[in-house]
2 protein chains.
Amino acid sequence: MTPIYDRVALIGLGLIASSMFWAMKRGGLAGHVTGYARSAETRDTARRIGLCDKVCDTLAEAVADADLVVLAVPVGVMGQLAQDIAPYLKPRATVTDVGSVKGHVISDVAPHIPEGVHFVPAHPLAGTEHSGPESGFATLFDNRWCLIVPSEGSDSEAVETLSRYWRGLGSNVDVMEPDHHDLVLAVTSHCPHLIAYTMVGVADDLRRVTDSEVIKYSAAGFRDFTRIAASDPTMWRDVFLTNKDATLEILGRFTEELFALQRAIRQGDGPLLHDYFTRTRAIRRGIIEAGQDTAAPNFGRSG
Amino acid sequence: MTPIYDRVALIGLGLIASSMFWAMKRGGLAGHVTGYARSAETRDTARRIGLCDKVCDTLAEAVADADLVVLAVPVGVMGQLAQDIAPYLKPRATVTDVGSVKGHVISDVAPHIPEGVHFVPAHPLAGTEHSGPESGFATLFDNRWCLIVPSEGSDSEAVETLSRYWRGLGSNVDVMEPDHHDLVLAVTSHCPHLIAYTMVGVADDLRRVTDSEVIKYSAAGFRDFTRIAASDPTMWRDVFLTNKDATLEILGRFTEELFALQRAIRQGDGPLLHDYFTRTRAIRRGIIEAGQDTAAPNFGRSG
């Protein structure tokens with residue numbers, strides 16, 4: 001297979017970048033892949049496990065000849081990173097990112113992209129609760145969606161090539177506007193994460209129920225929340241700080257609904273509760289039919 | 001292996017009762033198992049798939065000779081069921097239940113239990129998002145906890161035998177007070193379910209984000225919520241109506257914490273968010289170390 005990009009640079013070597021590397025190798029999508037991480041420890045780990053064809057000690061070296069530069073760092077530091085790499089970018093290179101928030105990333109990154117370099121923001125909707133260079137695997141993006149979110153003036157050929165690249169990594173690709181992306185993700189990702197963190201925090205704080213009880217008896221539902229609430233704290237802090245408006249809007253809707261259900265419980269309104277709980281089953285069926293989750297009980301957990 | 005009970009009657013043939021049947025067969029725990037369900041369709045299904053040694057068309061026939069009678073129906077109808085079976089119970093039989101709420105079930109059921117019959121409430125902390133007679137499987141209770149919640153005057157020998165029976169089904173067994181049980185379960189199960197139902201309901205209601213978008217892009221976290229929110233509506237309606245006080249108390253704590261995090265987002269308080277998100281990782285580690293969940297990414301989902 002002819003590589004889609006001759007040289008790719010991965011900046012930030014966490015779950016997403018490391019999965020991209022293994023998926024690129026699987027698909028023969030890149031001729032040569034450099035990697036950079038700010039922490040020397042992460043770079044050492046990457047070298048030890050063979051992550052990237054070359055792990056570089058400087059940003060300048062990592063991006064120098066790259067046709068595609070992937071910013072795979074927390075969204076709060078994307079702008080600074082763009083500024084730092086700008087002087088070393090090759091003319092006609094494409095810069096992309098994998099951040100979970102698009103409006104903020106675009107306004108932070110776009111001003112630093114030099115004339116003649118293409119900026120095509122993207123967001124693969126895939127992940128696990130694990131993080132770091134050793135958490136990646138080649139199949140992470142298979143049959144998941146990657147949203148390409150062109151910024152004003154994104155070059156259409158660059159968009160098309162990046163779409164082809166993400167399909168090569170295993171994803172389905174959709175194109176979306178930044179504001180709509182940030183609202184959709186507030187619903188499907190950001191608010192569920194905040195709610196899960198909150199519920200786990202409440203359980204941890206209660207004096208009358210011990211942590212040991214919470215842990216032993218978690219199989220009744222709670223353990224699903226703890227998986228989400230084990231995700232990378234820095235990444236998630238940045239998501240909430242940079243997708244503030246959409247997150248707060250959806251949280252407002254959520255608390256409004258929760259209060260309505262609380263009132264139904266207090267008033268003993270069984271029919272309202274039963275109707276509500278029946279309606280939500282349809283969405284689960286849709287997700288399974290769309291191939292976005294398994295129908296096996298408990299996600300097919302083996303233990 | 002000598003059966004622990006000669007004759008067992010399962011009343012209600014859903015996920016829990018059907019799993020108990022297959023686990024009893026696996027462990028040789030019962031000489032003969034009768035089953036009863038109110039719906040003729042459920043009884044027909046049970047007969048077709050070989051669930052129970054005998055499926056009976058009346059409660060009277062099902063419980064007549066049973067040494068152990070298991071009430072496996074939604075908690076809202078336990079009291080009526082106890083009244084209906086009371087005249088047919090064998091002296092020295094044990095009646096138990098598998099309800100998710102214990103205080104309410106005890107006050108509803110205990111008054112109907114005849115003198116000379118033992119009532120030993122219990123609650124296996126295991127389940128899936130599926131329901132009905134075909135959803136059961138023999139390993140559901142393996143390494144999960146079953147809480148035995150003796151009511152006032154529960155016979156200690158009957159408690160001991162029931163504990164041995166649940167261990168035979170694969171569970172670990174703890175004994176707990178009813179009020180404490182209902183509080184612990186509000187934290188580990190009831191509130192997480194209500195919150196998941198609410199978040200899925202919000203997503204379903206939004207006009208600016210379509211259901212099709214929610215479904216396609218659910219892998220970013222939301223799909224975990226939809227699993228829980230696909231659980232049996234009747235069972236969950238009854239849980240909230242009968243564990244009202246503990247549920248509302250924990251929901252009060254939850255909204256208080258959620259508001260604190262919302263304020264931190266609005267004010268851009270990164271350190272508070274980061275600290276909160278770091279703390280919740282420890283509980284996940286505890287759950288995995290206690291063997292109550294898998295460490296595999298995304299619960300080890302295969303697709």
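Only a predicted model underlies this, so the values are computations on that prediction, with no experimental measurement involved. Numbered from 1 within each chain, the chains take letters A, B, ... in sequence-line order. Hydrogens, waters and symmetry mates play no part in the numbers below; they use all other heavy atoms, side chains included.
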Legend entry - Residue A:Ala295 versus chain B: region with a heavy atom under 4.5 Å: backbone

Legend entry - Side chain, backbone, both or neither of B:His123 within contact of chain A (heavy atoms, under 4.5 Å): neither

Inset, instruction - Output the option from B:Ile265, B:Leu251, B:Leu125, B:Leu241 having the highest count of non-hydrogen pairs under 4.5 Å with chain A. - result: B:Ile265

Legend entry - Rounded distance [0.5 Å steps], CG in B:Asp293 versus CG in A:Asn298: 8.5 Å

Legend entry - Shortest non-hydrogen contact from B:Gln292 toward A:Ile215: CG-O, 3.7 Å

Legend entry - A:Leu273 CG to B:Tyr197 OH distance, which is reported to the nearest 0.5 Å: 10.0 Å

Legend entry - Separation between CZ of A:Arg284 and CZ of B:Phe222, rounded to the nearest 0.5 Å: 10.0 Å

Legend entry - Structural part of A:Ser231 lying under 4.5 Å from a heavy atom of chain B: backbone

Legend entry - Euclidean distance, A:Thr198 OG1 relative to B:Arg253 CZ, rounded to 0.5 Å: 12.5 Å

Inset, instruction - Keeping the roles fixed (side chain from A:Arg223, backbone from B:Ile287), state whether a donor-acceptor pair exists under 3.5 Å. - result: no

Legend entry - Which atoms of B:Leu185 approach chain A - backbone, side chain, both or neither, heavy atom under 4.5 Å: side chain

Legend entry - Interchain contact, A:His274 with chain B, by part (heavy-atom threshold 4.5 Å): both

Inset, instruction - For the residue pair A:Met199 and B:Ile250, establish whether any side-chain heavy-atom pair is separated by less than 4.5 Å. - result: yes

Inset, instruction - Answer with side chain, backbone, both or neither: which region of A:Ala229 has an atom nearer than 4.5 Å to a non-hydrogen atom of chain B? - result: both

Legend entry - Smallest separation among heavy atoms of B:Lys244 and A:Gly268, with atom names: NZ-N, 4.1 Å

Legend entry - Which portion of B:Arg208 sits near chain A, non-hydrogen atoms under 4.5 angstrom: both

Inset, instruction - Considering only heavy atoms and a distance below 4.5 Å, find which of A:Gln267, A:Arg227, A:His130 pairs most often with chain B. - result: A:Arg227

Legend entry - Shortest non-hydrogen contact from A:Ile228 toward B:Gly221: CD1-O, 3.5 Å

Inset, instruction - Find the one option among B:Thr226, B:Val214, B:Asp211 whose heavy-atom pairs under 4.5 Å with chain A are most numerous. - result: B:Thr226

Legend entry - Region of A:Arg266 that comes under 4.5 Å of a non-hydrogen atom in chain B: both

Inset, instruction - Answer with side chain, backbone, both or neither: which region of A:Leu147 has an atom nearer than 4.5 Å to a non-hydrogen atom of chain B? - result: side chain

Legend entry - Heavy-atom side-chain contact between B:Asp224 and A:Phe225 under 4.5 Å: no

Inset, instruction - Could you please spell out the steps behind the side-chain contact (heavy atoms from CB on, under 4.5 Å) verdict for A:Met176 and B:Tyr217? - result: CA-CA 12 Å; A:Met176 201 178 269; B:Tyr217 311 138; 3.5 Å; yes

Legend entry - chain A contact via B:Trp236 - which portion, at a heavy-atom distance below 4.5 Å: both

Legend entry - Interatomic spacing from CG in A:Leu194 to CG in B:Leu258 - rounded to 0.5 Å: 6.0 Å

Inset, instruction - Let me know if B:Thr280 has heavy atoms under 4.5 Å from chain A in its side chain, its backbone, both or neither. - result: both

Legend entry - Face-on cation placement of A:Arg237 at B:Phe277 ring, 6.0 Å and 45° thresholds: no

Legend entry - Residue, of B:Asp269, B:Thr247, B:Leu206, that accumulates the most heavy atom pairs under 4.5 Å with chain A: B:Leu206

Legend entry - Check: A:Thr255 and B:Gln262 side chains under 4.5 Å, non-hydrogen atoms: yes

Inset, instruction - Just give me the residue among B:Asp232, B:Asn143, B:Asp245, B:Asp275 that pairs up with chain A most often, heavy atom to heavy atom, under 4.5 Å. - result: B:Asp232

Inset, instruction - Would you check, one step at a time, whether the test salt bridge (charged side-chain N to carboxylate O under 4.0 Å, His left out) holds for A:Asp205 with B:Arg279? - result: CA-CA 10 Å; A:Asp205 259 1; B:Arg279 194 158 60 81; 3.6 Å; yes

Legend entry - Max heavy-atom pair count under 4.5 Å with chain B, selected residue of A:Glu129, A:Glu289, A:Arg285, A:His190: A:Glu129

Inset, instruction - Against chain A, work out which of B:Glu256, B:Glu257, B:Glu213, B:Lys216 has the most heavy-atom pairs shorter than 4.5 Å and name it. - result: B:Lys216

Inset, instruction - Side-chain contact test, heavy atoms from C-beta onward, threshold under 4.5 Å: evaluate it for A:Thr188 versus B:Ser218 and give yes or no. - result: no

Legend entry - Contact class of A:Ala296 relative to chain B, heavy atoms under 4.5 angstrom: backbone

Legend entry - Which portion of B:Asp174 sits near chain A, non-hydrogen atoms under 4.5 angstrom: side chain

Legend entry - is_close_aromatic(A:Tyr276, B:Phe240), centroid dist under 6.0 Å: no

Inset, instruction - Report the option among A:Ala220, A:Ala219, A:Gly286 that has the most heavy-atom pairs separated by less than 4.5 Å from atoms of chain B. - result: A:Ala220

Legend entry - Parallel, tilted or perpendicular, as decided by the 30° and 60° cut-offs, for the rings of A:Phe299 and B:Phe299: parallel

Inset, instruction - Mind ranking B:Val209, B:Leu248, B:Val184 by heavy-atom pairs under 4.5 Å with chain A and telling me who comes out on top? - result: B:Leu248

Inset, instruction - Could you tell me whether the side chain of A:Arg281 and the main chain of B:Ala230 form a donor-acceptor pair under 3.5 Å? - result: yes

